[in-house]
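Scroll down for the structure; my scribbles are underneath it.
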Amino acid sequence: MDSNHQSNCKLSKAEKKFLRKQMKARHTLLRHEGIEAVSYATQILVVANGGLGNSVSRNQLFPVLEKVGQVDSLLMPPNKPYSFVRYKTIEESKKAYVTLNGKEIVDDLGQKIILYLNFVEKAQWKELGLQALPPGLKIVEEIISSEDEKLLLESVNWTEDTDNQNIQKSLKHRRVKHFGYEFHYENNNVDKDKPLHGGLPDACDSILEKWLKEGFIRHKPDQLTVNQYEPGHGIPAHIDTHSAFEDEIISLSLGSEIVMDFKHPDGVTVPVMLPRRSLLVMTGESRYLWTHGITPRKYDTVQASKGHRSGIITGDVGNLTLCKRGIRTSFTFRKVRQTPCNCGYPLVCDSQMKEPPSLFPESDKEASQLEQEYVHRVYEEIAGHFSSTRHTPWPHIVEFLKALPSGSVVADIGCGNGKYLGINKELFMIGCDRSQKLVDICRERQFQAFVCDALAVPIRSGACDACISIAVIHHMATTERRVAALQELVRLLRPGGKALVYVWAMEQEYNNKKSKYLRENRTSQGKKEETDNGTSVGQLSVQQMPDAGNQDSTCSVPSMNDFQKGRCNSGHIAKSKLPIHTNRTAFHSQDLLVPWHLKGNPGKENPVEPSGPVGTHDLSPVFHRYYHVFCEGELEAACQTLSNVSVLQSYYDQGNWCVILQKV
Ligand code: MN
Ligand code: ZN
């Protein structure tokens, strides 16, 4: 401790606050990263907040650390908000601990960041996993000359808007132009019978011929999509539709390098550097099974001394830094597929999928597959955007949580982005969700959360004083599974414990009141871009309600038997396809797919841009989420079949059916 501290027996308010924050940083590192700080001096310090994942580059951090003493090494793990510094001697690391703790530095985006240091025995962090290029992926560096690069870039005329030959669209987050065939973002496919006039630009032809001859590509593409990404732009993770294009997909990076993230369905992410003037070739597994996408941000984590060559980024963490993005134009060439895809990845193959899925899954396995494809996978994809639209807690849910005695242990099963986890600070709340990304968001917010299935929650029976399940059970595809999810909630409760459950209601008009969702649709002309999106930013917070007024769907005095048939107004239950719901219109089925229009990443690095020359056209990809909307009485009836529980309360709240259960 330095003399300033010694002279003050009593800590000032500011010092107390600082110590608290330092402890918090220490706990966060231990809990989420397994980094254990020690209370004695060592040569190595973990620098919380001073990490690449926090927009702090090597160039900014290193001089700050070096000022205090001789730095032996600085390890900056990719995408982590911390780094490790090893000093030559313990004396120097001690000095760093004393002088740099609480130090404010300015990050690469010009924002102030406060560093918190703690001693550690060794530098270690959670690895990202597999560190090899996805199978079938290849990058050919310097595939074209600077002259050809210039030529190609000039061949794209971004300004002309009378060009009806080649379709140009201005997106919110990037500019796009199509040649050969137009790519439709509504269904992520091309109109195979309607090739565009003019084919591919002449400038491309000779280049493609050359690549063919030299063996870089196997077949000649007939479709070209030109994308222009400014710093801060991105493209959501996706797999190019199997049925739309042949196996080989190639993408030429011009103007600037960029890091593209490849992700295996198991969750392994491999960030890959695509250097300027390189060609990315995706075939086989990397084309069919892995998603690819570009995170919208202004800086990429890159190798500090490799000269930004292609390859995986997470190699040598002693050698990573940030690199400012430039304007990148990609030429993505694909060959339109004329016959259905018969690849070896049927689970992600639209040609081989029964699509849309059958209305009533016949087995538990079918149901769980449907949920996997139309709930879990979708939430994983839309997590960031979804979370950005979920911030307002619902009053009755807040009321329930605030009324619980302090010290209660409460589980939020299906906690989403964790917006209820911090409502009542007197509770010990823990959240879980099926989506890793949503759980990550909870953790970033310093909440306790873990990934699990709502049908098998790894919490001991009777461990909870209360549980909440908000907008979760309507994602279960059979009556049995919905009942099982309720039973699982009850299992977690101690005798006397309470559970609050919210599910979507089929009825959107109740007691002559239309739901917010419907009312919103009436007033949302022009101004509201997202009318068909299913999201209404900052308004409805948990869910978006399709509207009311569907008289023939009203059900009276239903029993569980009625519900077991799958819908309350029985009849026509033939095995049919799941209907796709039009957002903010009436429900015509209890089981349906609700579209979600993904809007890039509305984070701070992604300001809303003015519309481009051709007028705004929403090219965001559409995802479909499976729902079973509940009729009046259905949720209660399901609860009646549970053992050890009584229904304390049952009510309707803004298009939801809700119950409060108590374990007896
Ligand atoms: Mn793609
Ligand atoms: Zn396929």
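Residue numbers start at 1 and run along the sequence shown. Fair warning: this is a prediction, and the values are worked out from it, not measured in the lab. Counting starts at 1 for both ligands and their atoms, in listed order.
Seen from the Zn ion (ligand 2), atom SG on Cys343 and atom SG on Cys349 lie at an angle near 110° (rounded to 10 degrees). Rounding to 10 degrees gives 80° for the angle at the Mn ion (ligand 1) between NE2 of His292 and OD1 of Asp240.
Within His242, ND1 is the N, O or S atom that lies nearest to the Zn ion (ligand 2).
Just one of Tyr626, Tyr627, Phe386 meets the ring pair (Phe, Tyr, Trp, His ring centres under 6.0 Å) condition when paired with Trp596; it is Phe386.
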Query raised in the report: Which is it for Arg334 and Thr225 under the side-chain hydrogen bond (donor to acceptor under 3.5 Å, both in side chains) test, yes or no, and what are the steps along the way?
Result: CA-CA 8 Å; Arg334 302 178 283 202; Thr225 301; 3.2 Å; yes

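Taking the six-membered ring for Trp, His242 and Tyr345 have ring centres at least 6.0 Å apart.
When atom types are taken as modelled, the side chain of Asp350 and the backbone of Ser243 share a donor-acceptor pair closer than 3.5 angstrom.
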